[in-house]
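All heavy atoms count here, side chains included; hydrogens, waters and symmetry mates do not.
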Amino acid sequence: MRARGSGRGTTLGERAGGDGRRGLDGSRRGRTADGARSARSYRRRGSAALVLALALLTGACSGGAGTGGSSAATAPSSASAGERADAARARLDANTLVPLEGGPPAPELPVTVDSSDGRRVTVEDASRILPLNGGVAEIVFTLGLGDRVVGRDITATFEEAADLPLVTKAHDVSAESVLSLRPTVVLADTDTGPAEALDQIRDAGVPVVVLDPATELSDVTTRTTRIAGALGVPAAGEALNARIEGELAAARDAVPEGSTPKVAFLYMRGSAAVYLMGGKGSGADSLIAAAGAVDAGVDAGLDKPFTPLTSEALVSARPDVLLMMTKGLESVGGVDGLVEIPGIQETPAGMDRRVVTLEDGVLLGFGPRTPLVIDILVDGLHAAG
């Protein structure tokens with residue numbers, strides 16, 4: 001059995017149900033500051049492991065790209081994939097970011113940029129940045145501008161943001177809390193709300209740049225470019241994109257030659273009786289493809305992000321591996337409970353009890369740490385059953 005997972009302890013990623021931040025059960029991504037402080041304690045205990053992880057992940061990686069064949073990993077690169085996956089888990093467990101080398105970039109302002117709400121927004125000062133989305137905050141910190149960030153929303157759960165003031169009540173932005181921090185620029189996405197709060201912030205003279213949600217792998221570099229441009233550091237954005245693309249290439253290089261497992265992404269919340277299979281546009285489909293595997297839902301013709309799970313569809317899809325979020329697997333009673341769901345036991349994955357998990361907000365986080373997700377998927381999806 002494979003039921004591996006590590007990273008931020010948050011509740012759900014982006015695409016499900018058409019609401020970029022709210023999950024299919026109505027929850028949103030996020031972990032409390034106490035959780036982030038726990039990660040801080042972990043880092044103090046595991047600093048040696050983290051140093052090793054960084055060394056492994058920045059080193060060269062050998063192995064061929066997947067070219068079709070059985071699901072079993074047979075190439076010599078499998079050991080390298082395992083090492084990279086272990087290093088990636090250590091990085092995610094530490095819950096910290098790795099900013100660009102060379103020190104913080106100096107913003108060149110003013111700039112005028114397109115906002116996803118249809119406005120043109122001019123940013124004249126990036127000395128006090130307030131991201132209203134955890135993924136956006138992660139990019140800002142990784143660009144090297146973390147010392148300019150003055151607050152956070154509940155979805156910014158990485159360690160560096162843990163002690164920043166929270167500007168959300170439950171999951172809604174508080175305009176009063178935002179304005180009390182005197183931001184010079186606010187970064188949001190189209191799911192940030194309520195709209196009245198953003199209007200109040202704009203009315204106070206604070207530029208608000210709205211971004212599209214990141215819902216697939218290709219969105220990582222697009223969003224990085226837009227954020228870096230809005231903050232006047234386009235060269236840093238290019239450098240970060242180059243780093244991300246290099247890390248993704250290294251992860252793909254570890255795909256064993258001749259291994260193309262079929263992977264079904266299952267979203268489940270047992271307590272809410274929610275059982276769905278991912279298809280085209282789920283977000284996981286782009287990750288599965290990047291890891292050198294075949295999305296069983298897409299291969300079966302599921303043209304919607306999520307489709308209610310039926311035993312017939314699952315058996316017909318014949319996945320070799322099941323990909324799930326950690327909380328989803330827990331909600332159905334772990335692997336023992338999962339195989340009791342009609343249709344699961346009749347699939348190759350169910351018979352072999354092959355399940356790969358990642359923490360909810362990590363799997364569909366689509367940010368600078370997404371290459372770590374691919375490292376873990378390459379190892380978990382291609383490992384012999």
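- The shortest heavy-atom contact between Gly144 and Pro104 is O-CB, 3.3 Å.
- For Val111, the side-chain contact (heavy atoms from CB on, under 4.5 Å) partners two or more places apart in sequence, or in a different chain, are Leu109, Val113, Val123.
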Quiz item: Would Arg269 and Asp360 satisfy salt bridge (charged side-chain N to carboxylate O under 4.0 Å, His left out), going step by step from the backbone distance to the final call?
Solution: CA-CA 12 Å; Arg269 284 298 184 266; Asp360 295 25; 2.5 Å; yes

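- Cluster annotation: Met325 is connected to Leu92 through the hydrophobic network of ILVMFWY side chains, with a link wherever side-chain heavy atoms come within less than 4.5 Å.
- Pairs passing the salt bridge (charged side-chain N to carboxylate O under 4.0 Å, His left out) check and including a residue from residues 225-236, sequence neighbours excluded, read Asp212-Arg226.
- Evaluation of the ring-ring contact (aromatic ring centres under 6.0 Å, His included) test over residues 86-117, restricted to residues two or more places apart or in two chains, returns none.
- Applying the ring-ring contact (aromatic ring centres under 6.0 Å, His included) rule to pairs touching residues 172-216 yields nothing, sequence neighbours excluded.
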N/O donor-acceptor pairs under 3.5 Å from side chains in residues 234-244, not counting sequence neighbours:
from, atom 1, to, atom 2, distance (Å)
Asn241, ND2, Thr221, O, 3.3
Asn241, ND2, Thr225, OG1, 2.9
Arg243, NH1, Val98, O, 2.8
Arg243, NH1, Pro99, O, 3.4
Arg243, NH2, Val98, O, 2.8

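- Salt-bridge formation is detected for the pair Arg89/Asp379: a Lys NZ or Arg NE/NH1/NH2 atom is positioned less than 4.0 Å from an Asp or Glu carboxylate oxygen.
- A salt bridge is absent between Asp253 and Arg84; no separation between the charged side-chain nitrogens and carboxylate oxygens falls under 4.0 Å.
- Legend: salt bridge (charged side-chain N to carboxylate O under 4.0 Å, His left out) pairs involving residues 290-300, not counting sequence neighbours, sorted by first then second residue: Lys262-Asp299.
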Without placing hydrogens or testing angles, list every side-chain donor-acceptor pair under 3.5 Å for residues 284-293, not counting sequence neighbours.
from, atom 1, to, atom 2, distance (Å)
Asp285, OD1, Gly283, N, 3.1
Asp285, OD2, Gly281, N, 2.8
Ser286, OG, Leu217, N, 3.1
Ser286, OG, Gly283, O, 2.9

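- With Thr347 contributing its side chain and Gly350 its backbone, the two residues share a donor-acceptor pair below 3.5 Å.
- When the side-chain contact (heavy atoms from CB on, under 4.5 Å) test is applied to Pro165, the partners found at least two apart in sequence or on another chain are Leu181.
- Inter-residue side-chain proximity for Leu187 and Ile129 is flagged as met; some heavy-atom pair is nearer than 4.5 Å.
- Within the structure, every pair that satisfies the ring-ring contact (aromatic ring centres under 6.0 Å, His included) test and touches residues 119-151, not counting sequence neighbours, is listed here: Phe141-Phe158.
- Listed by first and then second residue, the salt bridge (charged side-chain N to carboxylate O under 4.0 Å, His left out) pairs that reach into residues 99-120 are Asp114-Arg120, Asp117-Arg119, Asp117-Arg202, sequence neighbours excluded.
- In terms of the side-chain contact (heavy atoms from CB on, under 4.5 Å) criterion, Glu340 has no residue partners (sequence neighbours excluded).
- Formation of a donor-acceptor pair under 3.5 Å by the Thr192 side chain with backbone atoms of Ala188 is not found in this model.
- A donor-acceptor distance shorter than 3.5 angstrom exists from the side chain of Thr184 to the backbone of Asp125, with no hydrogens or angles considered.
- Annotation: side chain to side chain donor-acceptor pair (under 3.5 Å) contacts involving residues 141-151, sequence neighbours excluded, are absent.
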